[in-house]
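Notes for the one structure printed next.
Atoms considered below: every heavy atom in the structure, side chains included; atoms not considered: hydrogens, waters and symmetry mates. Note that the structure is a prediction, hence the values are computed from the model and not measured. Each chain gets a letter, A, B and so on, in the order the sequences are listed, and its residues count up from 1.
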Amino acid sequence: AQSVTQPDIHITVSEGASLELRCNYSYGATPYLFWYVQSPGQGLQLLLKYFSGDTLVQGIKGFEAEFKRSQSSFNLRKPSVHWSDAAEYFCAVGAKAGGGADGLTFGKGTHLIIQP
Amino acid sequence: DGGITQSPKYLFRKEGQNVTLSCEQNLNHDAMYWYRQDPGQGLRLIYYSQIVNDFQKGDIAEGYSVSREKKESFPLTVTSAQKNPTAFYLCASSILGGGYTFGSGTRLTVV
């Protein structure tokens, strides 16, 4: 069965500092990998996704993520965070077979706090 | 603009009642999904549907039911058999092989 682990429940970063959110997945085949962001009481917004090809993917809002097959990781990074980045971040994995239509498996999320 | 509409935004249920959460999309997506979100638990899949008139149970389907009579609509009924229904419910849709688009959610509270 597929699974996603986000080891950090909370992360606090100073505004302007760099950010890395960790994500490790377990999946038997080549996975579809996603990062989503959620503001309080809202739905999820897709930041970026990895399906194949270049292992460094660029997303919206200045985020990027790197797929490392050997480490089963898909960590999210941003070189300089802004106060508006404070939110909940979710990593997710889906099955390549069937195009992911059988649902994504989500990690439990990392709550990002930005210090002024 | 295309998107997913969930209604209502807030819903209150009495003990023993069934309630239905609405999810409508105008993205022409084939697949639709329902997730439940609890604090610190991430999102858990309740049901999903890849085509009209067909749907599959997810990880936590007990106490829930769905229908997919139209491509655009995927309503979720929380039945009285669901013993702990208070949660935030998210609907999503996707094209096969594509990313997921989420609605803004419905917060269900048992009173």
Output for pair (B/Tyr100 OH, A/Lys49 NZ), nearest 0.5 Å, gives 11.0 Å
To the nearest 0.5 Å, atom OG of B/Ser104 lies from atom CD of A/Gln45 at 13.0 Å
- Message: Count I, L, V, M, F, W, Y as connected when their side-chain heavy atoms are under 4.5 Å apart, and connections chain through other members. Are A/Leu48 and A/Leu19 then in the same cluster?
- Response: yes
Honestly, the part of B/Gln56 sitting under 4.5 Å from a heavy atom of chain A is neither
For this session: Could you tell me if the ring centre of B/Tyr35 sits under 6.0 Å from that of A/Phe106?
Result: yes
- Query: Taking it one step at a time, do A/Gln42 and B/Leu90 satisfy side chain to side chain contact (heavy atoms under 4.5 Å, CB included)?
  - Reply: CA-CA 9 Å; A/Gln42 299 297 315; B/Leu90 286 162; over 6 Å; no
The interface call for B/Leu43 against chain A, heavy-atom contacts under 4.5 Å, is both
Hey, is CD on A/Gln58 packed in by over 12 heavy atoms from elsewhere, all under 6.0 Å? yes
message = Would you say B/Trp34 ends up clustered with B/Val52 if hydrophobic residues are merged whenever their side chains have heavy atoms under 4.5 Å apart, either directly or through other cluster members?
response = no
For this session: Find out if a path of hydrophobic residues (ILVMFWY) with successive side-chain heavy-atom gaps under 4.5 Å connects A/Leu33 to A/Tyr89.
Result: yes
When rounded to the nearest 0.5 Å, the distance separating CG of B/Leu45 from CG of A/Leu104 is 8.5 Å
Handout entry: Enclosure of B/Lys70 NZ (heavy-atom neighbours >12, cutoff 6.0 Å)
Key = no
Practice task
Spell out, yes or no, whether B/Tyr48 and A/Phe34 are grouped together once hydrophobic residues are joined by side-chain heavy atoms under 4.5 Å, including indirect joins.
Solution key: yes
Next on the checklist: Tell me whether B/Tyr64 shares a hydrophobic cluster with B/Leu11, the cluster being built from Ile, Leu, Val, Met, Phe, Trp, Tyr side chains joined at under 4.5 Å.
Outcome noted: yes
Bottom line for B/Gln37: the part with an atom under 4.5 Å from chain A's heavy atoms is side chain
Okay, A/Ile9 and chain B: the region with an atom under 4.5 Å from a heavy atom over there is neither
Whatever's closer than 4.5 Å to a heavy atom in chain B on A/Glu88 counts as neither
